[in-house]
Structures are given as structure tokens and as C-alpha cells.
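Below is one structure; the comments refer to it alone.
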Amino acid sequence: MTALFRQLPSVDKLLKMPQGEQLIVEFGHTAMVNVCRKLIEQGREAIKSTQQLPAYFADISRTFNEIQRQLVKQSQVQIQAVHNLTGTVLHTNLGRAVWAESAQQAALHAMRGNVALEYDLDEGRRSHRDNYISDLILALTGAEAACVVNNNAAAVLLTLATFAKGKEVIISRGELIEIGGAFRIPDIMAQAGCTLVEVGTTNRTHLKDYRNAITENTAFLMKVHSSNYQICGFTSAVEDAELVALGKEFNIPVISDLGSGALVDLSQYHLPKEPTVQEKLGQGVDLISFSGDKLLGGVQAGIIVGKKALIDQLQAHPLKRVLRCDKAILAGLEATLRLYLQPEKLAEKLPTLRLLTRSLDELQADAEQVKVRLEKRLNSAYFLQLETSSAQIGSGSQPMARIPSVAVTIAETSGKLTALLARFKTLTTPIIARVEQNKIWLDMRSVADINALLKTLEEL
Ligand SMILES: *Cc1c(COP(=O)(O)O)cnc(C)c1O
């Protein structure tokens, strides 16, 4: 064993050899030393546990190859692209909405240099970073003003903390939702320092329940769009307009956490209807918050729209400074919202809507191409089929609603499917699929770039 230990090079020796000096020029001294130390340590461990030298210590050129490989690898970004074949278009674990081309460009420009983020070019003086978004929101929805924060969870927190700290917020029991990732309405209320006043029952809440709960300490009547679950059967909820009328009677604002927050009526695309921001404003809701990367199809952000006097107070709260968005995000959001100014082109230019509205014929054609590629590369043990599939919007929108789709399914009887799934994940751009009924489902509805997918499949 001592003989083996003696065969391990020293860090010093590696650094002084010409190949070592070359790697220092390329990657710097610190990284080179760290990788050499790690490799030698691994060598020691291997000798102890297996009484053998790892293969890369067999000769010095292999050692330097391994050092170089590790140096290259450590500079490669690990948040890497994947192909989404899950059939869930807005998949939170896969980064939700794919950005529109114009949003990517806008963000890139913003990050490459300085931008007039808080600077009014016409007036030559300081302005506010949310102004660009606020102006667009006004044009698109008629809302008086907007406030932009990091995400919709932050939007809800900011709203409650600004107006309801030490006060009561009345909400229906049927809307006390958890949306995953530890976002629960009661917890957010507690964080904001307000008291939750639950009214009604899980399945039925009436206007009189809200009315009876109002005290002089009530800050808000709150509605939460329980988009990620449905209660069926004997149910009743209070319409926003009724709640607004009640709020007016007592001079209490009504706020709505809309979640996905569509800016267009999805039913015109034959998709399941989601309430729109404009409808809520039309019903007189005072403040509405929604996500930027769900149905809006843009960037991770939370947008609060509504009465200017209220928005001004949100903007002035110290938490707003904590939760504000950076220039690249605001540029991406602005570019995304600009697409909504040309609604006839939206389904073409906004990836989320493009994917949701692709015809079954298009999906079928894609599926056929995928099947042909797979047939060439998988042996006859695998049984491939085109099947109708049901995709979903994702991110809590309409969990019951299924969108028709087409999938390539892969069946295999001797238990090799797990290995194939694992193989899919090792491709240059990993493929993330769905497993159902003992088959792999490659759902075409959520594929953002079919040509890139076909290219990846050639690696199999
Ligand atoms: C998704 C969602 C949120 C959280 O939004 P993020 O942008 O993910 O922070 C809050 N409320 C509802 C109703 C939601 O659907």
C-alpha cells in the first residue's frame, strides 16, 4: 500500500509541470490547486478502500486530462436546459413559462449595459422602476396603477403587510389554500402580522357570513382564486361583485389573489376559461395580484394592480424595496406585456399560448417524427405507439381541465423502462417525460422546440 501512496503525485509537482502551468494560465492558480488536492485525496481514499490507484493516476497525461475535465466541468452551469415532455405546459419544477423571443432580447439588452431604469429620459430626472409596467397595465386593463415584486407570493405578503398589519382579514374557508412550496394563505397572513378571520364552511360561504364577521378592525375582504383545486357538488361562493358592494357599504377594500391571472379570455382559444384581470377590475375589486410566469407567459414576478391611492402606499412600504425586481426581469416583463397590445399575434409570439393552442394535427406530425427517430434507436423490445393524451396548463391553473394532446408512448415488458428514463436524463439536453400505466409518455403539447428535441434524440 505504501508503494501505491508513493505513486500519487504531489500538488507541487503537478503545478510545476508544463501541462500544469498551462492549466494555471487557463483557469488560474486557485482552481488548479483545489482540483489537484481533490484528485489526490480521491486517490488516497481509493487506495485505502480498494488497494488500487484510480485509472487517472496510471500515467501523468491521464492525470492532466482528468484535472482539465474537472476544471471545465466546474465552470459549466448546472441549471441546464431540458426538454419538457411531461404534457404540463407551465411546469413549476421546470421553470414555468418559456420567455417570448422579444422578452429574451429585452432582458439581454438590459443586462449587457446600463438602462434608464429609474430615469425619465424626457424630463431628465429620477423616475420609478415600475412606471414602464404601470403604463402598459393601464393600457391593457384600465387599472389605475401597478406595483411589481418578485413573485405573486411576495405580492400577497406586501399587500397584507401594508394595509392589514395588526388588523383582521376576512376570507372564506373554502379559499384557505396551499399552493405548494410552503405557500399557505394562513401562514402568509401570520407573516404579515394580520389576523385571519375565516368565514363560511369548506363547501359553502354566503354574503351574510362576511357581513357578520366585519368589525371596526377589518382591513380587507379577501378573495383567493382557488385555481389549483375544485370542490364539486353542494357548493356556494360569493361573487366578487357582491363582495365589492358589501365592502363599499362598510368602506372596506376588497382584494383578490388571482394566482395565474390571465390577461386575455382563454375561451376564445377553446381553452378552459380562467377569470381575467380585467373582469375583476370591472367588478370593482380594489387590488388584484397575479403571477408573471403563469398564464401571463412571462417572467417570474408578482403584479399588483388597482386603485392608484392604494398602489402608492404599497410602493412606499419598506418591504417593497426588499421585494423589488431587477432590470432584466422588468425588461422581460415589459416586452411580454407589449405582445398583449397586438392580441391577434399573441398566440404566435407568446410561447405559453402558442403551446396551449397548437392543433392536434401539428402535434400528431411532431409525434410521428419523434416515433421514427426512436424506432431507429431503440431495439424491438420497446413497443412504440402514438396515442391521444391529455395535457394540462399547469401551475395550478384548472387542475381538472385537460387539454387534448398527442404522445408517443413507450412500453417494455422486461422492466427496462426505468433504465430508458434514466438514459433520457443523461442526454446533452435531458428529456423529462411522464410515466403512466407502465408506459413512458412523451407528450408533444409541452415541447417548446421540436427541432431541438429531434436533434437530441439522435444522441440515443
Ligand atoms: C401561484 C399562486 C400564488 C403564488 O404565485 P407565485 O408567483 O408562484 O409566487 C399565489 N396565489 C395563488 C392563488 C396562486 O395560484
Side-chain angles (χ1 to χ4, degrees), residues 88-99 103 130 133 137 146-161 164 169 171-192 194 196 198 205 220-231 237 240 243 254-263 266 272-277 279-280 285 287-306 314 319-320 322-326 329-330 332-333 336-337 352 392-401:
T88 299
V89 173
L90 295 169
H91 201 303
T92 299
N93 302 150
L94 303 181
R96 290 198 187 156
V98 172
W99 290 26
D130 289 354
I133 306 301
I137 288 284
C147 172
V148 190
V149 288
N150 187 46
N151 54 27
N152 187 33
V156 175
L157 177 69
L158 176 63
T159 306
L160 293 174
V169 176
I171 183 170
S172 160
R173 283 209 168 81
E175 295 171 13
L176 290 175
I177 59 160
E178 168 178 318
I179 53 151
F183 180 88
R184 288 176 161 186
I185 292 292
D187 297 343
I188 296 284
M189 294 242 184
Q191 281 298 322
C194 48
L196 166 70
E198 308 169 34
T205 302
F220 282 135
L221 306 177
M222 183 176 190
K223 288 286 279 181
V224 176
H225 182 48
S226 51
S227 53
N228 63 355
Y229 83 110
Q230 259 170 20
I231 296 184
D240 290 41
L243 209 55
V254 174
I255 57 170
S256 174
D257 171 12
L258 202 46
S260 227
L263 285 180
L266 293 181
K273 173 132 178 64
E274 275 276 329
T276 66
V277 176
E279 283 161 13
K280 296 280 160 193
V285 175
L287 287 176
I288 301 155
S289 73
F290 52 98
S291 291
D293 57 355
K294 291 186 179 174
L295 274 174
L296 186 75
V299 307
Q300 183 189 300
I303 303 158
I304 311 161
V305 306
L314 291 177
L319 256 188
K320 169 65 211 292
V322 177
L323 302 170
R324 76 180 185 189
C325 295
D326 102 303
I329 287 291
L330 287 169
L333 181 59
T336 306
L337 289 173
T352 300
Q392 48 183 324
I393 296 176
S395 279
S397 294
Q398 303 278 355
M400 309 298 282

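Counting starts at 1 for both ligands and their atoms, in listed order. The shown structure was predicted, so the numbers you read here are calculated from the model rather than taken from an experiment.
Contact atoms of ligand 1 toward D257: 10 (C), 11 (N), 12 (C), 13 (C) (distance under 4.0 Å to a heavy atom of the residue). Of all atoms in ligand 1, listed by their number and element, those nearer than 4.0 Å to a heavy atom of A153 are 4 (C), 5 (O), 6 (P), 9 (O). Applying the 4.0 Å criterion to heavy atoms of S291 picks out, from ligand 1, the atoms 5 (O), 6 (P), 7 (O).
The pair K280-D240 counts as a salt bridge, with a side-chain nitrogen and a carboxylate oxygen less than 4.0 angstrom apart. One finds a salt bridge joining E279 and K273 here, because a Lys/Arg side-chain nitrogen approaches an Asp/Glu carboxylate oxygen to under 4.0 Å.
Among all heavy-atom pairs drawn from L337 and I133, the shortest one is CD1-CG2, 3.8 Å. Closest non-hydrogen pair, P272 versus L266, comes out as O-CB, 3.7 Å.
Remark: distances from the non-hydrogen atoms of R96 to ligand 1 include one below 4.0 Å.
At under 3.5 Å, not a single nitrogen or oxygen of S395, backbone or side chain, sits near a nitrogen or oxygen of ligand 1.
Remark: the H225 side chain and the E274 side chain contain an N/O donor-acceptor pair separated by less than 3.5 Å.
Of the listed options Q300, K294, H225, K294 places a heavy atom closest to atom 14 (C) of ligand 1.
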